[in-house]
Amino acid sequence: MKRIGILTSGGDAPGMNAAVRAVARKAMAEGLEAYGINYGFAGLVAGDIHKLESADLDGVVGQGGTLLYSARYPEFAHEEGQLKGIEQLKKFGIDALVVIGGDGSYHGALRLTEHGYNTIGLPGTIDNDIPFTDFTIGFDTAVNTDVEALDRIHDTAHSHDRTFVVEVMGRGAGDVAMWAGISAGADAIVIPEQDWDMETIANTIKHNRANGHRSNIVVLAEGVMGADEFVEKLSEYGDFDTRANTIGHMQRGGRPSAKDRVMASKMGAYAVELLLDGKGGLAVGIQNNQLVTHSMLDLFDSKHESELTLTKLNEDIRFN
Ligand code: ATP
């Protein structure tokens, strides 16, 4: 093996650059060459590929987004697209790849492995919705962004005795909502994985107000419904002077946290070791602070296990 290709695919996540840097620099340390593939599988098929030099990676560890850009390219699900990608790998002499993205990207990675190009997947998504890893690259940063926003919202909610429904990202997973909600002292956390009841939430707010709690914050996972719709439904149970707030794409940007940078660096270097061992079709994760690998095939049959006890914890420690 002489050349490793690296691409980022699906939604961008803070810390992807730290992972790209770690893969490329570890490859160089092992006497290999690293090639950056722009725009995910779209760039692979188009041959938007360039050699990475060590200097290209200066300073990127602290930058959000992805220096390799990202794209959604559904055509890669078809063999025709995959074969075009393989042609480019041959043309550039790339022997193996590291794909940083979500589970959709892992499907593309597995197809490349099946075509004889060992590919390792790293979990790059703020949603924390990938099986067999406690954390994904970008999750910690996104949660910290939410906590900063929620702290600010708390200030104004408290000043005006208002209720805020704050919608956070996470797709079908409630991890971002749970972590941000606990960290910011939310009064309710509503996630798609658990049953919830609007009347109970309304009663909580009424109870809180009657007992001198001046602000109420509901953290709502986007997988449940939008903040505006939630506020409308909540208003059927009383007038809580409620405002809807959607934090939105700012959760995807910004300087990655140290935790994301370190985790991405560990995973990136490990991916190169796995490729040097001749492995492919594996997804890297972190479980109990240990790097682990699982077959992508197993991963597709599994579901991420969220730490659902966090909502119960929140109920125990919120204003009661
Ligand atoms: P995120 O969690 O941020 O959405 P993701 O990796 O799951 O990330 P997707 O849009 O599902 O995002 O997938 C990214 C890309 O992976 C697709 O645009 C496509 O190029 C490739 N891909 C997805 N599914 C497949 C598949 N079944 N076979 C081959 N390639 C695929």
Side-chain angles (χ1 to χ4, degrees), residues 5-17 19-20 37-49 64-66 68-89 97-117 119-133 135-143 145 168-176 192 221-223 248-253 256 260 264 267 271 280-285 295-304 306:
I6 313 163
L7 64 83
T8 53
S9 167
D12 64 313
M16 278 183 163
N17 284 332
V20 171
I37 301 167
N38 287 337
Y39 295 108
F41 295 107
L44 172 62
V45 168
D48 190 354
I49 299 171
T66 160
L68 296 179
Y69 313 111
S70 190
R72 302 210 190 256
Y73 185 67
E75 293 87 338
F76 205 72
H78 304 294
E79 182 147 37
E80 198 190 335
Q82 295 156 20
L83 292 177
K84 282 187 194 158
I86 300 288
E87 266 175 44
Q88 298 293 353
L89 293 178
L97 290 100
V98 177
V99 166
I100 306 161
D103 57 349
S105 304
Y106 284 4
H107 276 95
L110 185 59
R111 295 290 94 78
L112 291 174
T113 304
E114 288 163 354
H115 283 289
Y117 288 83
T119 302
I120 301 294
L122 304 187
T125 168
I126 67 159
D127 301 329
N128 214 41
D129 60 352
I130 297 188
F132 304 136
T133 188
F135 299 108
T136 56
I137 296 165
F139 170 71
D140 184 65
T141 307
V143 167
T145 301
V168 301
M169 285 183 164
R171 296 258 212 118
D175 293 44
V176 174
E222 67 174 344
H249 279 78
M250 75 165 73
Q251 290 163 98
R252 291 250 291 261
D260 273 330
M267 289 179 166
L282 297 177
V284 172
S295 130
M296 285 179 184
L297 276 175
D298 290 346
L299 187 140
F300 298 145
D301 287 335
S302 307
K303 210 178 159 319
H304 169 70
S306 300

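In listed order, ligands and their atoms are each counted from 1. Quantities reported herein were computed from a predicted structural model and do not represent experimental measurements. For the numbers below, each heavy atom of this structure counts, side chains included, while hydrogens, waters and symmetry mates do not.
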Check whether any N or O atom of Asp103, backbone or side chain, sits under 3.5 Å from an N or O atom of ligand 1, and answer yes or no.
yes
Ion pair present between Arg111 and Glu114, side-chain N to carboxylate O less than 4.0 angstrom?
yes
Going by the atom numbers of ligand 1, which of them fall below 4.0 Å from some non-hydrogen atom of Gly102?
2 (O), 5 (P), 6 (O), 7 (O), 8 (O)
Report, in ascending order of atom number, the atoms of ligand 1 lying under 4.0 Å from any heavy atom of Gly108.
29 (C), 30 (N), 31 (C)
So for Gly40, does at least one of its heavy atoms come nearer than 4.0 angstrom to any atom of ligand 1?
no
Would you say Glu222's side chain and Val168's backbone share a donor-acceptor pair under 3.5 angstrom?
no
Starting from [atom], locate the nearest protein heavy atom and write down its residue, its atom name and how far away it is, to 0.1 Å.
atom: atom 12 (O) of ligand 1; value: Arg72 NH1, 3.0 Å
atom: atom 11 (O) of ligand 1; value: Gly104 CA, 3.4 Å
atom: atom 29 (C) of ligand 1; value: Phe76 O, 3.3 Å
atom: atom 21 (C) of ligand 1; value: Phe41 CD1, 3.7 Å
atom: atom 26 (C) of ligand 1; value: His107 CB, 3.3 Å
atom: atom 28 (N) of ligand 1; value: Ala77 CA, 3.4 Å
atom: atom 3 (O) of ligand 1; value: Gly11 N, 2.9 Å
atom: atom 15 (C) of ligand 1; value: Ser9 OG, 3.3 Å

Which is closest to atom 17 (C) of ligand 1 in terms of heavy atoms, Tyr73, Tyr106, Phe300?
Tyr73
Counting heavy atoms only, which of Ser105, Pro74, Gly10, Gly85 is nearest atom 6 (O) of ligand 1?
Ser105
Would you kindly specify which portion of Arg171 sits under 4.0 Å from ligand 1, judged on non-hydrogen atoms: side chain, backbone, both or neither?
side chain
Under a 3.5 Å cutoff, is there a donor and acceptor pairing between the side chains of Thr66 and Asp12?
no
Does a donor on one side chain and an acceptor on the other come within less than 3.5 Å for Asp175 and His304?
yes
Once the angle between the rings of Phe139 and Phe135 is folded into 0 to 90°, is it parallel (under 30°), tilted (30 to 60°) or perpendicular (over 60°)?
parallel
Can you tell if the side chain of Thr141 reaches within under 4.5 Å of the side chain of Ile126, non-hydrogen atoms only?
no
Value rounded to 0.5 Å, distance of CG in Leu97 from CG in Leu112:
6.0 Å
